[in-house]
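Quick notes on the structure that follows.
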2 protein chains.
Amino acid sequence: MMELTRKGDYAIRGIIYLAGQPLDKISLLSDIAAAVDVPQTFLAKIFQQFSKSGIVRSYRGTGGGFMLARAPEQITLLEVVEAVEGPITPNRCVVAPGECDRDGFCTVHPVWEQVKRQIRQLLSGITLKDLANNENNPISATSKTVF
Amino acid sequence: MMELTRKGDYAIRGIIYLAGQPLDKISLLSDIAAAVDVPQTFLAKIFQQFSKSGIVRSYRGTGGGFMLARAPEQITLLEVVEAVEGPITPNRCVVAPGECDRDGFCTVHPVWEQVKRQIRQLLSGITLKDLANNENNPISATSKTVF
DNA sequence: GCTAACCGGACTTGACAGGTCTTTTAAGGA
DNA sequence: TCCTTAAAAGACCTGTCAAGTCCGGTTAGC
């Protein structure tokens, strides 16, 4: 349960690649797709969503492509995930107040609220800078700072 | 994203009802289904899974039905959820070591591990006793103890 | 052996993840 | 200023799986 979809996975791979490129470089979709091993056509749709949510800027026509709209340290993993997967909602109950008619008496309700809070807090504390190009032993480096 | 399925939702409702009944009482599936407003045929499937995982005991034939296999304070929400939804895995990567071929260099990997740990820890700290029949203002009562 | 109740597999349906195809936009050269 | 080509945007398709339904089978009491 609680699985990220493949779309979300691909999205993260793709944007981490962008975060590892020079900031002012416009990257081709085809390059990104090849580098992170994702079907280009599918990645295209994902980056359209990124573009709409303002995480990346897109340029059409010859010489076009994508680049980050902000610096990597100003884009959180939470933003990235929610841009393509929608808001984090462990249960339908907690998408919005009043959504669930059992709201008033359901004792599990606050549990899901808490789960939601914890995940959002964790993901919002991680930026693309943390995730990109940690050349020297990325995992342990990341692990040390984050956990 | 990260949504509990309806099955999981129903499962929790159903077992909380059981936890609110006298411990030695055998409840009819039809009663449970009516009480928590879930299609009986579907709830039947769910309770079969509960029965297999040893969370509830089932009795067939006339006078049969279901009751908790253990005391409510000894059954955690984590158990209940994982019994019907399977293990909590925010990403395919983290279901098991070696599952993901990007494992070795994927910097996001430890993040999902952490998400998984946090959710499991939170859910395992909540028992059916916490969730059942808090007559006097259930939510705030639960909120105070848990959060 | 009749009836109450759960067991368990097969089937149906609708939504959505996952992927493809067509249209629009922009740049650059004849 | 057209035409061609590169590239993203958007419409479209399709297979899978959640969410139920149905029905014969099995077990237990009367």
Side-chain angles (χ1 to χ4, degrees), chain A residues 1-15 18 25-34 36-69 81 83-87 89-92 95, chain B residues 1-15 18 25-34 36-69 81 83-86 89-92:
Chain A
M1 67 159 295
M2 313 286 288
E3 269 193 29
L4 196 68
T5 66
R6 197 160 301 184
K7 181 158 79 168
D9 195 21
Y10 290 170
I12 295 172
R13 289 196 210 176
I15 202 144
L18 264 197
K25 179 188 165 193
I26 294 183
S27 298
L28 288 180
L29 186 63
S30 54
D31 289 348
I32 306 172
V36 300
D37 192 27
V38 169
Q40 179 177 339
T41 48
F42 195 22
L43 194 63
K45 255 174 57 175
I46 295 168
F47 269 72
Q48 281 172 37
Q49 288 187 263
F50 279 155
S51 179
K52 279 183 191 165
S53 10
I55 295 180
V56 304
R57 255 199 287 273
S58 72
Y59 301 91
R60 298 170 75 149
T62 311
F66 295 93
M67 57 181 244
L68 291 185
V81 170
V84 295
E85 300 271 16
T89 51
N91 198 344
R92 288 166 184 77
V95 288
Chain B
M1 67 156 296
M2 314 286 286
E3 270 192 29
L4 195 67
T5 66
R6 200 160 298 185
K7 181 157 80 167
D9 195 19
Y10 292 169
I12 294 172
R13 289 195 209 175
I15 203 146
L18 265 196
K25 181 188 165 194
I26 295 182
S27 298
L28 287 180
L29 185 63
S30 53
D31 289 348
I32 307 172
V36 300
D37 192 29
V38 169
Q40 179 176 340
T41 48
F42 194 24
L43 194 63
K45 286 286 186 308
I46 295 169
F47 269 71
Q48 281 173 34
Q49 286 188 264
F50 278 154
S51 179
K52 279 183 190 164
S53 10
I55 295 180
V56 305
R57 255 197 288 274
S58 70
Y59 301 92
R60 299 167 74 152
T62 312
F66 295 94
M67 55 182 248
L68 291 186
V81 170
V84 295
E85 300 270 19
T89 50
N91 198 341
R92 288 166 183 74

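Just so it is clear: chains get the letters A, B, ... in the order the sequence lines come, proteins before strands, and each one is counted from 1. Note that the structure is a prediction, hence the values are computed from the model and not measured.
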Problem set entry | For atom CD of B:Q49 and atom C1' of C:dC6, their distance in whole Å | 15 Å
Seminar exercise, completed: To the nearest 0.5 Å, atom NZ of A:K7 lies from atom CD of A:E85 at 6.5 Å
Problem set entry | Exam field: side chain A:Q40 to backbone A:L29, donor-acceptor pair closer than 3.5 Å | no
Exercise. Rounded to the Å, how far apart are A:L28 CG and C:dA26 P?
Worked result: 17 Å
N/O donor to acceptor pairs below 3.5 angstrom from side-chain atoms of residues 56-64 of chain A, sequence neighbours left out:
unit_1, atom_1, unit_2, atom_2, d
A:R57, NE, A:Y59, OH, 3.3

Exercise. Please give, in whole Å, the distance from D:dA8 C1' to A:R57 CZ?
Worked result: 16 Å
For this session: Would you mind reading off the distance between A:D9 atom CG and C:dG18 atom C1', rounded to a whole angstrom?
Result: 13 Å
Problem set entry | Contact letters for nucleotides 19-30 of chain D, in which S counts primed atoms plus P, OP1 and OP2 and B counts the base, heavy atoms under 4.0 Å | SSBB--BBBBS-
For this session: Take atom CG of A:L29 and atom P of C:dT20, then tell me their distance rounded to the nearest Å.
Result: 14 Å
Problem set entry | Rounded distance (Å) that lies between atom P of C:dC6 and atom CE of B:M67 | 14 Å
Exercise. What residues form a side-chain contact (heavy atoms from CB on, under 4.5 Å) with B:K52, not counting sequence neighbours?
Worked result: none
For this session: Mark yes or no for whether A:E3, through its side chain, and B:P90, through its backbone, hold a donor-acceptor pair below 3.5 Å.
Result: no
Seminar exercise, completed: B:F47 CZ to C:dA5 C1', in whole Å, measures 15 Å
Exercise. Given atom CD of B:E3 and atom P of C:dA15, what is their separation to the nearest angstrom?
Worked result: 15 Å
Exercise. Quick one: is D:dA7 close enough that its OP1 or OP2 comes under 4.0 Å of any side-chain N or O from A:S58?
Worked result: no
